[in-house]
Amino acid sequence: MACVEGEWHALAARIVTEVVRAAGWRVTFLGASVPARHLVSYLHQTGPDALLLSCVQPNRLVRAARMVEASRAAGVPVLAGGPGFGPDGRWATAIGAAGWGASARDAVALLERPLSAAHTGSPPPPPDDAYVAVLHRGA
């Protein structure tokens, strides 16, 4: 579990971590504002089944996209959460996340379904203009 670089709102991510742990998963909370280079190092050293990525602020979407891309390149699918991924998480899948959840229970449900290899490698091209507008506002 990690918060997007520059994202200091970590309370929700901590709660998700504990709910997922209570559901029987081993979870490492990497913290708020995780630098992408540290995330890449962690992913290569530990090879987790998935990365839970939290983003509260839409202006961090560009950084979230970089973290999703790095995770996919390491062969680790990303499950996103938080309002920073747009209404109903529409930008999470646009940047290549395997899924998006609005709550800690959603995170558990997402982890319980199979994560395919289709959610690793290069992300799909973003499908909607609203996403592009958010990216142009910067991160």
Side-chain angles (χ1 to χ4, degrees):
M1 177 74 190
C3 296
V4 171
E5 187 171 6
E7 180 68 68
W8 293 99
H9 298 89
L11 180 58
R14 280 301 290 176
I15 292 168
V16 170
T17 298
E18 296 310 318
V19 170
V20 169
R21 185 174 287 132
W25 292 87
R26 282 188 344 180
V27 183
T28 301
F29 180 70
L30 298 177
S33 189
V34 176
R37 69 183 182 281
H38 292 169
L39 175 65
V40 169
S41 176
Y42 176 81
L43 295 175
H44 285 287
Q45 288 175 8
T46 62
D49 294 325
L51 168 67
L52 301 173
L53 185 63
S54 175
C55 183
V56 175
Q57 301 171 335
N59 66 338
R60 302 287 182 222
L61 192 58
V62 171
R63 291 179 184 182
R66 286 188 210 127
M67 293 177 86
V68 170
E69 182 179 359
S71 184
R72 288 174 61 107
V76 179
V78 176
L79 299 174
F85 290 103
D88 297 322
R90 73 175 59 153
W91 298 317
T93 54
I95 63 172
W100 176 85
S103 70
R105 288 183 184 155
D106 290 348
V108 171
L110 287 167
L111 284 167
E112 290 174 349
R113 71 177 201 203
L115 297 171
S116 74
H119 297 294
T120 60
S122 297
D128 86 31
D129 292 335
Y131 167 79
V132 174
V134 169
L135 291 182
H136 287 314
R137 283 192 288 223

To the nearest 0.5 Å, tell me how far [X] [atom1] sits from [Y] [atom2].
X	Y	atom1	atom2	value
C3	R60	SG	CZ	11.5 Å
W25	T17	CH2	OG1	14.0 Å
S71	L39	OG	CG	6.0 Å

I need the minimum non-hydrogen distance between [X] and [Y], along with the two atoms involved.
X	Y	result
V76	L51	CG1-N, 3.7 Å
A13	M1	CB-CE, 3.3 Å
P48	Y42	CG-CE2, 4.4 Å

Is there a continuous path of hydrophobic side-chain contacts, each under 4.5 Å between heavy atoms, that joins [X] to [Y]?
X	Y	answer
V4	W8	no
M67	V40	no
V62	V56	no

By side-chain contact (heavy atoms from CB on, under 4.5 Å), A102 pairs with (sequence neighbours left out) W100, D106

Hey, does the side chain of [X] reach the backbone of [Y] with a donor-acceptor pair shorter than 3.5 angstrom?
X	Y	answer
R66	A36	no
S54	G82	no
R21	V27	yes

Sort and list the pairs that fulfil salt bridge (Lys or Arg N to Asp or Glu O under 4.0 Å) and have at least one residue in residues 6-15, not counting sequence neighbours. R14-E18

Set of residues satisfying side chain to side chain donor-acceptor pair (under 3.5 Å) with respect to Q45, sequence neighbours excluded: S41

